[in-house]
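Sequential numbering from 1 along the given sequence is applied to the chain's residues. Keep in mind that the numbers below use all heavy atoms, side chains included, and drop hydrogens, waters and symmetry copies. Counting starts at 1 for both ligands and their atoms, following the listed order.
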Amino acid sequence: MRVAVAVGVSTPPVATMRSSCTRRIVAVSYRFVSMHMAAAPLSRTLSTESVAARLTSAGLLRTKGLIGANWTDARDGKTMPVYNPSTGEVIADVPFMGSKDTEDAISSAYDAFPAWSKLTATERSQLLRKWYDLLMANKEEIGQLITLEQGKPLKEAIGEVNYGASFIEYFAEEAKRIYGDIIPPTLNDRRILVLKQPIGVIAAITPWNFPLAMITRKVGPALACGCTAVIKPSELTPFTALAAVELALQAGIPPGVLNVVMGDAPAIGDALMANTRVRKITFTGSTAVGKKLMAGAAGTVKKLGSKFRNSGQTCVCANRILVQDGIYDKFAAAFSKAVQILQVGDGFSEGASQGPLINDAAIEKVESFVEDAVSKGADVLLGGKRHSLGRTFYEPTVLGNISSDMIVSREEVFGPVAPLMRFKTEEEAISIANDTNAGLAAYIFTTNVQRSWRVTEALEYGLVGVNEGVISTEVAPFGGVKQSGLGREGSKYGMDEYLEMKYVCLGDMNRK
Ligand code: ADP
């Protein structure tokens with residue numbers, strides 16, 4: 001659960017609004033973004049077929065799993081369709097893999113580990129850098145794939161490629177800085193050292209809202225450390241993952257270092273959990289699945305890194321916007337006015353800044369949250385219903401007068417809905433903000449320096465943006481507290497997740 005807190009009557013409401021929910025994490029999907037883009041006309045809409053054909057000819061529409069050097073069907077030949085959420089058309093079928101295929105992928109990663117981990121840090125760094133260069137050189141194509149299978153507007157999808165690729169660049173550089181430690185010994189004939197070594201095979205299970213970035217922020221540090229990986233992307237968005245590993249192969253990253261399986265998620269998950277060769281699971285997704293994976297990993301004592309989001313299209317968007325009483329009305333009016341100009345449409349149409357929700361379940365959830373809020377007294381300041389475009393398009397919505405008994409203020413909202421809550425005192429705002437089991441990101445907007453520190457320190461969140469709503473970067477640690485996660489991604493702290501420490505004691509060192 002995320003909150004944005006706008007505190008202080010002196011804060012200009014328009015600035016507050018722009019920073020809170022109208023701009024967001026680089027390339028975060030769906031929500032209230034890029035208002036300045038909204039004026040452009042709906043002039044160019046590409047068809048699923050034409051985009052798919054172009055990507056196929058570029059060699060980037062891979063439709064099979066990757067095990068070692070081989071693009072592979074499921075052992076039993078089963079397939080599943082992947083849809084364009086904007087049009088409902090099938091983009092292509094991919095293999096519906098299960099536990100046997102997962103075993104094959106784990107073996108492949110396990111066999112590739114010794115050689116990969118023994119490369120020098122510089123060699124791994126250079127290969128990762130080449131991968132980064134290829135991702136950037138194919139930015140348009142990967143962006144198109146993201147829009148095709150995930151629905152977010154093309155500009156935003158290309159933004160995700162920049163953001164996602166930055167993790168590969170950053171960890172290519174960090175690969176050379178995995179320093180150990182030398183500790184002063186307690187006996188004078190001893191020497192005490194700490195080595196940092198790669199864990200081994202890791203499994204990365206990722207969601208659909210960032211089809212590229214969720215993968216790169218996991219496998220970037222893993223590969224930099226010398227680990228090899230089995231990736232299981234979301235079944236809703238496997239193509240971006242497959243194109244990314246195709247480019248990794250082209251960059252010269254040896255076959256087997258990256259493997260991709262998709263299909264029967266619980267069967268794949270169980271196979272990854274049960275296998276002792278998999279030393280770490282890194283997961284981003286729902287709390288329910290995260291808990292299941294934690295329980296499964298206990299059996300083989302795997303290291304865990306998880307980031308849970310309950311069910312939203314993005315995981316760091318403001319889920320509740322707390323606005324101080326004195327500026328509430330002015331804020332609500334200015335905010336609604338700004339949200340009103342956001343253009344909803346197919347991700348390939350120019351000017352659209354709001355794509356479709358990912359599937360029927362998502363839009364039904366949004367509807368039920370809004371219905372619940374309205375039945376308990378919320379005001380619909382804007383939107384509040386399905387968009388006339390049909391399918392899973394929903395109108396950008398602003399709800400006022402939100403109270404904490406409404407589901408929308410307790411669970412992650414599943415789409416473009418901004419609930420505004422009124423508060424009077426700083427203490428009250430902190431108490432509302434912390435009254436949740438989740439704790440990923442919070443944002444505070446104030447011109448009072450002392451207050452910004454006080455509130456930042458009091459917020460039980462893993463990330464806090466102060467007068468800024470766009471804070472995710474590869475150089476800073478990203479992760480939540482409470483039930484929003486374990487571990488951190490990005491930065492030097494993100495590297496530690498993929499390393500084991502080894503204490504080495506050299507004895508008898510005074511002998512001549
Ligand atoms: P969301 O639907 O919000 O993306 P999920 O937690 O359902 O969140 O999905 C996140 C990732 O976890 C996806 O790749 C999904 O396929 C995968 N997943 C879902 N159920 C399981 C499971 N039982 N074991 C392993 N992975 C799972």
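Annotation for ligand 1: atoms under 4.0 Å from non-hydrogen atoms of Glu235 are 16 (O). Of all the atoms in ligand 1, the ones that sit under 4.0 Å from a non-hydrogen atom of Trp208 are 1 (P), 2 (O), 4 (O). Set against the non-hydrogen atoms of Phe283, the atoms of ligand 1 under 4.0 Å away are 6 (O), 10 (C), 11 (C), 12 (O). Heavy-atom proximity to Pro207, at under 4.0 Å, picks out these atoms of ligand 1: 4 (O). The atoms of ligand 1 that sit less than 4.0 Å from any heavy atom of Lys292 are 23 (N). Interface atoms of ligand 1 facing Gly269, defined by a heavy-atom separation under 4.0 Å, are 24 (N), 25 (C).
Shown here are the side-chain hydrogen bond (donor to acceptor under 3.5 Å, both in side chains) partners of Lys303, two or more places apart in sequence or in another chain: there are none. Shown here are the ring pair (Phe, Tyr, Trp, His ring centres under 6.0 Å) partners of Phe167, two or more places apart in sequence or in another chain: Tyr163.
The 12-atom threshold is exceeded at CD of Glu89, counting heavy atoms of other residues, nucleotides or ligands nearer than 6.0 Å.
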Salt bridge (Lys or Arg N to Asp or Glu O under 4.0 Å) between Glu497 and Arg488, worked out: CA-CA 8 Å; Glu497 305 283 333; Arg488 292 293 181 268; over 6 Å; no
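One side chain, Asp405 or Ser403, offers a donor N or O that lies under 3.5 Å from an acceptor on the other.
The backbone of Thr284, and not its side chain, has at least one atom closer than 4.0 Å to an atom of ligand 1 (non-hydrogen atoms only; backbone = N, CA, C, O). Within the 4.0 Å heavy-atom criterion, the part of Thr206 lying near ligand 1 is the backbone and not the side chain.
Ligand 1 lies less than 4.0 angstrom from a heavy atom belonging to Leu293.
Screening Asn162, Thr240, Leu145, Thr237 for a side chain to side chain contact (heavy atoms under 4.5 Å, CB included) involving Leu212 leaves a single residue, Thr240.
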